[in-house]
Amino acid sequence: MQGETGGRSDGEIVRAVLAGDRERYAVLVERYRDRYARYAARMLGSADAAEDAVQDAFLRAYDQLAQCQDPNKFLGWFFLILRNRCFAEQRKYRSQVSLDAAAAVPTSDRSDVGTETAERRRALQKALMELTAEQREVFVLKHVEGLSYIEIAERLNTSVPSLKMRMHRAYDRLREQLRDHA
Amino acid sequence: MTQHEFDPRVKQLLDGELTLADLPAELRAEGEEALRLLAGVDRTSVSVPAVTWRVMAALERRRRRLWWLAPAVAIAAAVVLLLGRPSTPPTTLSATVVTVRFVLVAPGAHQVSVAGTFNRWDPSATPLVRSGTADTWVATIALPPGEHQYAFVVDGARWVPDPAAPAVDDGFGRRNSVLTL
């Protein structure tokens with residue numbers, strides 16, 4: 001994953017920041033904050049929690065930037081920091097992640113979304129919060145972020161069969177949770 | 001397989017490896033149920049524009065803390081060194097500063113600030129206040145002579161170059177206004 005969207009590459013910016021041009025870090029934040037806010041929002045069930053997680057992940061990434069062994073792969077490296085942050089948050093607030101949290105993800109409340117669609121979204125997000133973080137993650141990466149099993153396996157450094165097993169369990173649990181909405 | 005488990009072929013449908021037409025007739029209803037599940041997937045983007053300045057402001061606060069610490073240590077050392085020495089007349093350095101008034105007309109804005117080379121691009125350092133009409137925001141600050149680059153920050157997220165000043169490309173797709181004193 002080499003980010004290079006209409007400007008200097010991630011690698012060039014990382015090297016500039018490490019050389020002391022601290023302000024350039026804003027370019028990386030600007031470039032990727034929204035891309036991963038959706039992942040964090042679906043993982044944590046709250047847009048506010050997602051914003052905090054993304055912010056914290058960028059600060060941690062800055063602190064550890066010298067450990068980014070391949071600056072051209074900043075994006076994949078950053079994702080793992082954010083992922084760890086989301087999983088830690090999940091463990092910390094497992095008992096507090098209420099089923100109402102799904103309603104805190106604002107996208108379902110958009111006025112251009114029909115009532116039925118909004119209700120389906122809320123129900124699915126609520127059911128997703130009942131999965132384990134590992135099951136939820138593979139579902140989010142595949143069906144929300146649109147990644148293939150191969151891409152997810154590369155990103156998480158795991159195998160496709162183990163991802164499929166995780167996902168298929170997630171399908172069954174979601175079916176159970178969503179019986180009333182089917 | 002319990003009553004809640006999808007048939008393996010329906011899971012393949014969910015994975016995108018089969019279509020509904022590939023399923024045998026007896027699995028079509030289950031397949032349709034599975035697809036309704038996916039219809040609830042929300043791919044709407046989530047925007048967190050404030051994260052950029054919050055991250056950069058946090059980094060700036062950290063840097064300032066370090067800067068405060070260094071002079072404090074230096075002053076403490078100087079006090080120790082000067083104890084017992086005859087006092088010398090103080091030297092007064094009078095630095096020339098120029099008072100600058102920043103003005104932005106920003107209809108509908110709730111908050112406006114100016115960030116630039118003079119405040120380490122910290123959007124929270126120099127807020128503008130409403131003046132006269134509700135849409136006009138002003139701030140008056142003293143700056144040293146030289147060239148300063150800056151931009152207005154509207155509602156903590158939108159970076160706007162000064163329409164009344166020349167601007168330069170910052171090399172990263174954004175325009176910085178330039179003030180030469």
Side-chain angles (χ1 to χ4, degrees), chain A residues 6-8 13 22-27 29-30 33-42 47 50-51 54-56 58-59 62 105-108 110 113 117-125 127 139 142-146 148-149 164 167-169 171-179 181-182, chain B residues 1-17 29-63 115-117 120-123 149 151 157 159 169-174 176:
Chain A
R8 294 178 195 177
I13 296 169
R22 194 172 51 92
E23 301 296 328
R24 293 301 176 208
Y25 192 62
V27 179
V29 179
E30 192 99 1
R33 63 180 192 207
D34 290 350
R35 183 185 296 193
Y36 284 123
R38 180 173 62 180
Y39 163 83
R42 301 295 178 262
E51 185 163 3
V54 171
Q55 177 184 333
D56 192 47
F58 273 116
L59 286 171
Y62 180 87
V105 180
T107 52
S108 297
R110 286 162 44 121
V113 170
T117 303
E119 178 54 34
R120 278 187 196 283
R121 289 178 175 182
R122 266 194 289 273
L124 179 59
Q125 183 64 39
F139 186 93
K142 179 158 179 60
H143 292 294
V144 178
E145 299 301 324
S148 68
Y149 278 122
K164 280 195 173 185
M167 178 72 102
H168 289 184
R169 284 181 184 153
Y171 290 150
D172 292 333
R173 289 192 64 185
L174 289 173
R175 185 187 196 193
E176 187 178 352
Q177 295 289 331
L178 292 169
R179 261 288 149 96
H181 294 273
Chain B
M1 197 162 69
T2 72
Q3 58 173 338
H4 295 305
E5 289 179 17
F6 282 121
D7 184 277
R9 286 164 291 182
V10 174
K11 289 173 181 171
Q12 284 186 282
L13 170 73
L14 287 167
D15 281 344
E17 295 167 356
E30 190 176 317
E32 285 167 359
E33 178 195 339
L35 292 179
R36 280 197 297 275
L37 183 155
L38 285 190
V41 171
D42 185 356
R43 297 185 185 86
T44 315
S45 61
V46 175
S47 183
V48 289
V51 163
T52 304
W53 74 261
R54 282 167 59 185
V55 167
M56 298 313 289
L59 294 178
E60 178 61 21
R61 280 195 298 275
R62 285 188 200 171
R63 191 194 58 79
T117 48
R120 305 270 163 192
W121 296 99
D122 182 353
Q149 292 192 21
W159 292 69
D169 193 330
D170 71 351
F172 288 83
R174 211 159 57 190
N176 290 339

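So that the names make sense, note that chain A is the first sequence line, chain B the second, and so on, each numbered from 1.
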Measuring from [X]:[atom1] to [Y]:[atom2], what's the distance to the nearest 0.5 Å?
| X | Y | atom1 | atom2 | value |
| --- | --- | --- | --- | --- |
| Tyr62(A) | Met56(B) | OH | CE | 7.0 Å |
| Phe58(A) | Leu59(B) | CZ | CG | 11.5 Å |
| Arg54(B) | Arg33(A) | CZ | CZ | 11.5 Å |
| Glu5(B) | Arg169(A) | CD | CZ | 10.0 Å |
| Thr44(B) | Arg42(A) | OG1 | CZ | 6.5 Å |
| Arg120(A) | Asp42(B) | CZ | CG | 13.5 Å |

Please give me the minimum heavy-atom distance between Glu51(A) and Ala50(B), naming the atom from each residue.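 Looks like OE2-CB, 3.7 Å.
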Heavy-atom pairs under 4.5 Å with chain B - which of Lys142(A), Glu145(A), Arg22(A) has more of them than the others?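 Between Lys142(A), Glu145(A), Arg22(A), the count favours Arg22(A).
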Which answer fits Arg173(A), side chain, backbone, both or neither, if we ask what part of it has an atom under 4.5 Å from a heavy atom of chain B? neither
Is it the backbone or the side chain of Tyr39(A) that comes under 4.5 Å from a heavy atom of chain B, or both, or neither? neither
Sub-4.5 Å side-chain heavy-atom contact between Val29(A) and Trp53(B): no
Kindly indicate whether the side chain of Val55(B), heavy atoms from C-beta on, has any atom under 4.5 Å from the side chain of Tyr25(A).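 Touching, per the 4.5 Å side-chain cut-off.
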side-chain hydrogen bond (donor to acceptor under 3.5 Å, both in side chains) partners of Tyr171(A), counting only residues at least two apart: His143(A), Asp15(B)
With only heavy atoms counted, which part of Gln12(B) is less than 4.5 Å from chain A, the side chain, the backbone, both or neither? neither
Does Glu33(B) offer a backbone N or O that forms a donor-acceptor pair with the side chain of Arg175(A) under 3.5 Å?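 Not a single qualifying donor-acceptor pair exists.
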Salt-bridge test for Lys11(B) and Asp172(A): reply yes if a basic N is under 4.0 Å from a carboxylate O, no otherwise. yes
Test salt bridge (Lys or Arg N to Asp or Glu O under 4.0 Å) applied to Asp34(A) - qualifying residues, sequence neighbours left out: none
Please determine whether side chain to side chain contact (heavy atoms under 4.5 Å, CB included) holds for the pair Val48(B) and Tyr36(A), giving the CA-CA distance in whole Å, both sets of side-chain angles, and the decisive distance to 0.1 Å. CA-CA 10 Å; Val48(B) 289; Tyr36(A) 284 123; over 6 Å; no
